[in-house]
Amino acid sequence: MVPLKRRKVASSNGGQSSETDPSKESRFPQAVIFILERRMGASRRTFLAQLGRSKGFRIEDTYSESVTYIISENNSGDEVRTWLGVRGQHQSRPPVHLLDISWYTESMREGLPVAILDRHRLQEQQGDPVEAPAFLAASYACQRNTPQPGHNTLLTAALSVLAESAELNGDEGRGLAFRRSEGLLRSLDRRVQGLAELRGLPCLGDHSRRVIQDLLENGVSSEVEETKSSPRYKAMKLLTGIFGVGVKTAKRWFTEGICSLAQLETSGHSLNAAQQAGLKYYTDLNQPVSREEADAVSVMVEGVVHSVLPGARVTLAGGFRRGKMSGHDVDFLITHPDEGKEEGLIHKIIACLESRGLLLYQQNTRNTYRESAKGAGRPSSSMDRFERCFSIFKLTNDSSPEDTRRAQQDPERVRVEADQTGSGGRPWRAVRVDLVVSPISQFAFALLGWTGSKLFERETRRWAVRERSMSLSSHALYDRNQERYLRASSEEEIFAHLGLEYVSPTGRNA
Ligand code: UTP
Ligand code: MN
């Protein structure tokens, strides 16, 4: 690999950007301010925080014990206290002033914290006292903890169908809107009982709210049911279920009247190698991969990688790292502690897998990533440029992790068994596996990018650009204001650079 062009390199243990450095000199040390994002939105909050800092105020990005002033807009005192309760705050700390935004704007105008008057203090809620408390959630999925499967699976499954249908129509914007609603609902810490509890929440558009209302009142949504039974949705789902077939190709075939695999096979279309493999192993590849199967594949991959490059590290990424119990494929990141040792590794791994008869199909790409001086040369969000292998593994039916581990000691046995293919109940099944090789210097970024979920990644990148003026990819983080790359050797450091609270992999199921 060509050595990275080292520009002004940030220390990797610097942790936080100067903007969020709490130790930075404040002109008014007694006022430690936290601005609540709820009902204000992240962009306005960022703007107000920057304004305050430029005037010498100490503004905290995250809420902590040291905060003495909480500023909020359009929230009652009750609502803010509920929020503090959610954060696990107790009474045993110094009193916090709960203030309206008017105190903040007046202080900005005066250039110092103005005296607190009654009208600055948050009012108590007037509303119906028996109404269920509203949920609280931050705007960006990367600011929230989202477990799998969440407490609202009826709602999230329905919104996922509508998102998928929009995506299959090529309507990315609409798909994203439903994905954001879905992600938000999955992050809620209890079951939604009524639409009123969702008041004031971000990410929920009118359309999603209508669907949720239907589901809460009737247990089903007519729109979702109609979508699921529409010939177009069914055909597009079937055709894009073929490995190697994207939305565009499927749409073209559907327009020609192709709605089934049999029709595709007799249509005379010439399929590329990936699509041929996709058709051949269609049933296997559309059967979810279980956690146990993923573990068995891990053992296979580790055995092969260690045999071709001792000291290399294999990390399970994707949905399984997020704690999912099943997935559509198994994703692995591979690196070596000595930068450069990983170069060309993918070819050695493939050769070894092939010699053991473990690959049914593979397509690999070499690493084409180069750090650009302007930091802007990043590929589109879902693309990266690592050495990579999209493959289909042959997983023998008795491949429990223990059996596989034992078989690693005796590769010849595996090869012979794997050859007994074809006729009747075959003793193996096809599993999609992605292998990605990263240089150690980019590993933390690759791990964050390949752990997902897709929405979580997307939101992290959107946060970086809009709230921090940074560009994040699976290779690097570039600070556009400081015009330099920010290095990181762990995911925690990346979150700190971004001014985000750390979210563990199991909380990234947005
Ligand atoms: P997957 O598509 O494998 O999704 O991508 P998943 O979350 O593991 O879910 P299932 O269970 O397999 O369906 C895993 C992560 O890798 C990133 C995606 O953005 C996602 O976050 N990815 C995937 C890339 O960065 N580039 C790719 O080309 C593909
Ligand atoms: Mn995956």
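Each ligand, and each atom within it, is numbered from 1 in the order the structure gives.
Taking only non-hydrogen atoms, the option from Arg388, Arg432, Met325, Arg508 nearest to atom 27 (C) of ligand 1 is Arg388. Among Gly452, Ala446, Pro288, Gly449, the residue whose heavy atom lies closest to atom 17 (C) of ligand 1 is Gly449. The option from Phe456, Trp450, Phe386 that lies nearest to atom 22 (N) of ligand 1, judged by heavy atoms, is Trp450.
Protein N/O/S atoms closer than 2.8 Å to the Mn ion (ligand 2), listed by chain and residue number, are Asp329 OD1, Asp331 OD2.
Aromatic pair His475/Phe445: centroids not less than 6.0 angstrom apart. Two rings, from Trp450 and Phe332, have their centers 6.0 Å or more apart.
Ion pairing of Arg174 with Glu167 is absent here, as no side-chain N (NZ or NE/NH1/NH2) approaches a carboxylate O to less than 4.0 Å. Using a 4.0 Å cut-off between a side-chain N of Lys or Arg and a carboxylate O of Asp or Glu, Lys348 and Glu342 do not qualify as a salt bridge.
Listed by chain and residue number, Tyr281, Asp284, Leu285, Leu360, Ile392, Trp428 satisfy the side chain to side chain contact (heavy atoms under 4.5 Å, CB included) test with Ala430 (two or more places apart in sequence, or in another chain). For Ser160, the side chain to side chain contact (heavy atoms under 4.5 Å, CB included) criterion is met by Arg179, Glu182, not counting sequence neighbours.
Side-chain contact check for Pro427 versus Thr396: every heavy-atom pair is 4.5 Å or farther apart.
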Identify each donor-acceptor pair in which a side-chain atom of residues 251-259 lies under 3.5 Å from a protein atom, sequence neighbours left out, and give them as a table.
unit_1 : atom_1 : unit_2 : atom_2 : d
Lys251 : NZ     : Asn169 : O      : 2.9
Thr255 : OG1    : Lys251 : O      : 2.5
Glu256 : OE1    : His269 : NE2    : 2.6

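Here's the thing with Gly327: none of its N/O atoms is less than 3.5 angstrom from an N/O atom of ligand 1. For a threshold of 3.5 Å applied to N or O pairs, the pair formed by Lys454 and ligand 1 contains at least one separation below that value. Polar contact check, Ser474 against ligand 1: no nitrogen or oxygen pair lies under 3.5 Å apart.
Residue contacts with ligand 1 for Arg458 are absent, since no atom lies close enough (heavy atoms, distance under 4.0 Å). The residue Asp434 has no part lying near ligand 1, judged by heavy-atom distances below 4.0 Å.
The distance from ligand 1 to the heavy atoms of Arg322 drops below 4.0 Å at these ligand atoms: 7 (O). Proximity to Asp329 (heavy-atom distance under 4.0 Å) selects the following atoms of ligand 1: 3 (O), 12 (O). Close approach of ligand 1 to Glu457 (heavy-atom distance below 4.0 Å) involves ligand atoms 21 (O). Residue contact check: Asp384 has heavy atoms under 4.0 Å from atoms 25 (O), 26 (N) of ligand 1. Below 4.0 Å from some heavy atom of Lys324 lie the following atoms of ligand 1, by number and element: 9 (O), 10 (P), 11 (O). Near His328, meaning under 4.0 Å from one of its heavy atoms, ligand 1 places the atoms 2 (O), 3 (O), 10 (P), 11 (O), 12 (O), 13 (O).
Not a single donor-acceptor pair under 3.5 Å links the side chain of Trp83 to the backbone N or O of Leu136.
Around CZ of Arg366, the count of heavy atoms belonging to other residues, nucleotides or ligands within 6.0 Å does not exceed 12. More than 12 heavy atoms of other residues, nucleotides or ligands lie within 6.0 Å of CZ in Arg190, so this atom counts as buried by the packing criterion. Applying the 6.0 Å contact sphere to OH of Tyr502 captures more than 12 heavy atoms from other residues, nucleotides or ligands.
Defined by atom type and a distance below 3.5 Å, a donor-acceptor pair is present between the side-chain atoms of Glu467 and Tyr140.
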